Amino acid sequence: MKLNYNVLDVMSYSKLSKVFSFSILLSFCFAFGVMAQQLPNPQQQQVNDEFSDDEYEKFVKINMEMIPLQEQAQQKMMNAIEEHGIDVERFQMLAQAQQSGNITDVSEDPEEIAKFNEAGQEVMKVQEETNQEMQKTIAENDMDVQKFQEMSVAYNQSPKVKEKIDSMIGDLE
């Protein structure tokens with residue numbers, strides 16, 4: 001069974017500013033495929049950078065509520081990895097190698113690969129639970145998932161949207 005661990009680089013940061021955390025959170029959302037099955041590929045869609053003030057306010061509020069969810073998930077994933085006797089950095093190396101189809105280039109130790117797979121299953125479970133919590137948070141704030149995803153894409157690709165959102169977050173500090 002091929003597992004997907006392309007987001008573990010977000011797990012290795014220490015306490016950072018809210019703006020940076022927000023940026024990490026957006027990366028987290030994309031990397032975990034928040035509702036990916038329901039949405040078009042962000043790289044294939046045109047970036048909309050026209051949103052109402054109400055949409056901006058909801059988007060920022062949702063993301064501020066998601067930061068603790070992301071931090072908890074991150075800690076759970078790190079604990080799951082370490083409980084299986086793998087260093088987080090080593091897990092990341094194995095995950096990257098597996099993603100490219102070359103895990104045996106990084107490890108030929110069947111025991112290490114088994115630990116990696118077991119930890120990976122737990123990581124995937126945490127990801128799924130976190131995705132559900134994120135979807136719930138979006139819905140509780142009266143925004144649909146597609147609009148949230150659209151604004152997330154815009155945040156990452158439109159300097160105009162990024163500047164406005166970062167400014168709103170800065171005002172909250």
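Given the structure is predicted, the values throughout are model-derived calculations rather than measurements.
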*asked:* Check whether D144 reaches the backbone of Q146 with its side chain - one donor and one acceptor, N or O, closer than 3.5 Å.
replied: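 Checking the backbone N and O of Q146 against the side chain of D144, a donor-acceptor pair under 3.5 Å is found.
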*asked:* I'd like to know if the side chain of K115 reaches the main chain of I86, judged simply by a donor and an acceptor atom lying under 3.5 Å from each other, with no hydrogens or angles considered.
replied: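 It does not hold such a pair.
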Within a radius of less than 6.0 Å around [atom1] of [X], do more than 12 heavy atoms belonging to other residues, nucleotides or ligands occur?
| X | atom1 | result |
| --- | --- | --- |
| E82 | CD | yes |
| E129 | CD | yes |
| E108 | CD | no |

*S107 and E112: CA distance, side-chain angles, deciding distance, side chain to side chain donor-acceptor pair (under 3.5 Å) verdict*: CA-CA 7 Å; S107 177; E112 181 181 44; 2.5 Å; yes
*Non-hydrogen side-chain atoms of Q98 and N117 separated by less than 4.5 Å*: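 Yes; the side chains approach each other to less than 4.5 Å.
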*How about I103 and F116: do any of their side-chain heavy atoms sit closer than 4.5 Å?*
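I103 vs F116: side chains touch.
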Spacing of [atom1] belonging to [X] relative to [atom2] belonging to [Y], to within rounding of 0.5 Å:
| X | Y | atom1 | atom2 | value |
| --- | --- | --- | --- | --- |
| L94 | Q96 | CG | CD | 9.5 Å |
| K136 | E65 | NZ | CD | 11.0 Å |
| Q121 | H84 | CD | NE2 | 9.5 Å |
| D49 | M151 | CG | CE | 10.5 Å |
| Q132 | Q135 | CD | CD | 7.0 Å |
| M124 | N131 | CE | CG | 11.0 Å |

Answer yes or no: is there an ion pair linking [X] with [Y], defined by an N-O contact shorter than 4.0 Å?
| X | Y | result |
| --- | --- | --- |
| D53 | K164 | yes |
| E128 | K125 | no |
| E50 | K160 | yes |

Taking every non-hydrogen atom, the tightest pair across [X] and [Y]:
| X | Y | answer |
| --- | --- | --- |
| M134 | L69 | N-CD1, 4.4 Å |
| S52 | E55 | N-OE1, 2.9 Å |
| E122 | A80 | OE1-CB, 3.6 Å |
| I138 | M66 | CG1-CE, 3.4 Å |
| A97 | V106 | CB-CG2, 3.2 Å |
| V47 | A154 | CG1-CA, 3.7 Å |

*Kindly assign one of parallel, tilted or perpendicular to the pair F148 and F59, based on the angle between their ring planes and the thresholds 30° and 60°.*
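Tilted: the ring planes of F148 and F59 meet at 30° to 60°.
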